[in-house]
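No experiment lies behind these values; they were computed from the predicted model shown.
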Amino acid sequence: MQIVIGTNNSNKSNEIITILESNFSNLFEFLTLSDFPQKIEVEETANSFAENAELKARGIYNQLHIPVITDDSGLEVDILNGQPGIYSARYAGENKNDSDNRKKLIKELSRFGCDSFPAQFQCVICYFDGKNLIKGYGICRGKIILEERGKNGFGYDPLFIPDGYDKTFAELEPETKNRISHRSKALLDFVYNFNNFLNREN
């Protein structure tokens, strides 16, 4: 059975496939959007991670007619009332990149006169096969610092130190990050729910 990982972000798709393959072995063949010749995009117009994940899953399935797994995730900083939140990927503007987003976040937080700020990453995973809708949820608490550290990861990883660690996501080994991250927790929740679904079907 083929399942499409519905993201154009290769870093995300690599993380998702790595974690899913370790849980499902060779049960599924995972594809990415880059495996298809047409450009596949779904506008994120919802007001929550869960709604956006479902919106993307349904939209991509309607274009490909193959079961799809999507992810919607982002950073929520307490002192900014949860911003950048669902706008994490485009915080600095539609045509900006990860570096621009980090620079804007540092600028926004610098006015508060602190060195670190409580924050969390949130992730929602959504599966849709034209009929069944299955989700998984994950949160990773930590803090944002105002200097970039580390070369691994992507997005806000160089600024985020998870609780219980003294290294940023970008300084941690990928295996460690994939064990504790919001995406890992959401995927494990999804795997549990998906296995229950498979057992009911069989």
Going through the distances and angles, do Asn152 and Lys177 end up as a side chain to side chain contact (heavy atoms under 4.5 Å, CB included)?
-> CA-CA 10 Å; Asn152 298 325; Lys177 181 192 172 187; over 6 Å; no
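- Using a distance-only test at 3.5 Å, with no hydrogens or angles considered, no donor-acceptor pair links the side chain of Asp189 to the main chain of Lys185.
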For side chain to side chain contact (heavy atoms under 4.5 Å, CB included), just list the numbers for Glu41 and Asn8, CA-CA rounded to whole Å, side-chain angles, deciding distance to a tenth of an Å, and then say yes or no.
-> CA-CA 8 Å; Glu41 289 185 339; Asn8 286 301; 3.8 Å; yes
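- The pair Lys135-Asp72 fails the salt-bridge criterion, with no side-chain N (NZ, NE, NH1 or NH2) lying under 4.0 Å from an Asp/Glu carboxylate O.
- Taken together through direct or relayed side-chain contacts under 4.5 Å among Ile, Leu, Val, Met, Phe, Trp and Tyr, Phe190 and Met1 form part of one hydrophobic cluster.
- The shortest heavy-atom contact between Cys126 and Leu133 is SG-CD1, 3.5 Å.
- How far CD of Gln2 is from CD of Glu29: 4.5 Å, rounded to the nearest 0.5 Å.
- Around the CG atom of Asp78, the shell of radius 6.0 Å holds more than 12 heavy atoms that belong to other residues, nucleotides or ligands.
- The backbone N or O of Tyr91 sits less than 3.5 Å from a side-chain atom of Lys104, completing a donor-acceptor pair.
- The two residues Ile106 and Leu146 make their nearest non-hydrogen contact at CD1-O, 3.7 Å.
- One finds the CG atom of Asp71 at 9.5 Å from the CZ atom of Phe49 (value rounded to the nearest 0.5 Å).
- Among His182, Arg183, Glu76, the single residue meeting the side chain to side chain donor-acceptor pair (under 3.5 Å) criterion with Gln122 is Glu76.
- Going from atom CZ of Phe121 over to atom CG of Asp157 covers 5.5 Å, rounded to the nearest 0.5 Å.
- Tested against Leu20 for a side chain to side chain contact (heavy atoms under 4.5 Å, CB included), the candidates Ile5, Leu27, Ile3 yield a single pass: Ile5.
- Placement of Ile17 and Leu188 in two distinct hydrophobic clusters is found when ILVMFWY residues are connected by side-chain heavy-atom separations under 4.5 Å, directly or transitively.
- A donor-acceptor contact shorter than 3.5 Å links the side chain of Glu171 to the backbone of Thr168.
- Atom-to-atom distance recorded for Asn101:CG and Lys103:NZ is 11.0 Å, nearest 0.5 angstrom.
- Aromatic ring pairs are classed by plane angle as parallel below 30°, tilted from 30° to 60° and perpendicular above 60°; the pair Phe197 and Tyr127 is tilted.
- At distances below 3.5 Å, at least one donor-acceptor pair connects side-chain atoms of Asp100 with backbone N or O atoms of Asn97.
- Ile134 and Val124 are not part of a single hydrophobic cluster, where members link through side-chain heavy atoms under 4.5 Å apart.
- Sparse packing is recorded around OH of Tyr192, with 12 or fewer heavy atoms of other residues, nucleotides or ligands lying under 6.0 Å away.
- Interatomic distance, CD1 of Ile60 versus CD1 of Ile66, reported as 11.0 Å (0.5 Å rounding).
- Less than 6.0 angstrom separates the ring centroid of Phe194 from the ring centroid of Phe24.
- Clustering ILVMFWY residues whenever any of their side-chain heavy atoms sit less than 4.5 angstrom apart, transitively, puts Phe30 in a cluster other than the one holding Leu64.
- Using modelled atom types, no side-chain atom of Tyr165 and backbone atom of Leu172 make a donor-acceptor pair closer than 3.5 Å.
- A salt bridge between Arg179 and Glu175 is absent, with no side-chain N of the basic residue lying under 4.0 Å from a carboxylate O of the acidic one.
- No donor-acceptor pair closer than 3.5 Å links the side chain of Thr7 to the backbone N or O of Ser13.
- For the pair Phe169 and Pro162, the tightest heavy-atom approach, listed with the atom from each and the gap, is CE2-CG, 3.7 Å.
- Atom CZ of Phe36 has more than 12 heavy atoms from other residues, nucleotides or ligands within 6.0 Å.
- The same ILVMFWY cluster, assembled from side-chain heavy atoms under 4.5 Å apart, contains both Tyr61 and Leu33.
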Between Ile144 and Leu75, is a side chain to side chain contact (heavy atoms under 4.5 Å, CB included) present by the stated rule, with each step listed?
-> CA-CA 10 Å; Ile144 289 291; Leu75 175 70; 3.6 Å; yes
Between Phe117 and Leu159, is a side chain to side chain contact (heavy atoms under 4.5 Å, CB included) present by the stated rule, with each step listed?
-> CA-CA 10 Å; Phe117 302 85; Leu159 299 176; over 6 Å; no
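- A donor-acceptor contact shorter than 3.5 Å is absent between the side chain of Ser181 and the backbone of Asn178.
- The main-chain N or O of Gly155 is found under 3.5 Å from a side-chain atom of Arg102 such that the two form a donor-acceptor pair.
- With Arg90 contributing its side chain and Tyr87 its backbone, the two residues share no donor-acceptor pair below 3.5 Å.
- Taking a 6.0 Å sphere around NZ of Lys143, one finds it holds 12 or fewer heavy atoms contributed by other residues, nucleotides or ligands.
- Residue Ala57 comes nearest to Phe128 through the heavy atom pair CB-CB, 3.9 Å, listed as atom of the first residue, atom of the second, then distance.
- Between the CD atom in Gln120 and the CD1 atom in Ile139 there is a gap of 4.5 Å [rounded to 0.5 Å].
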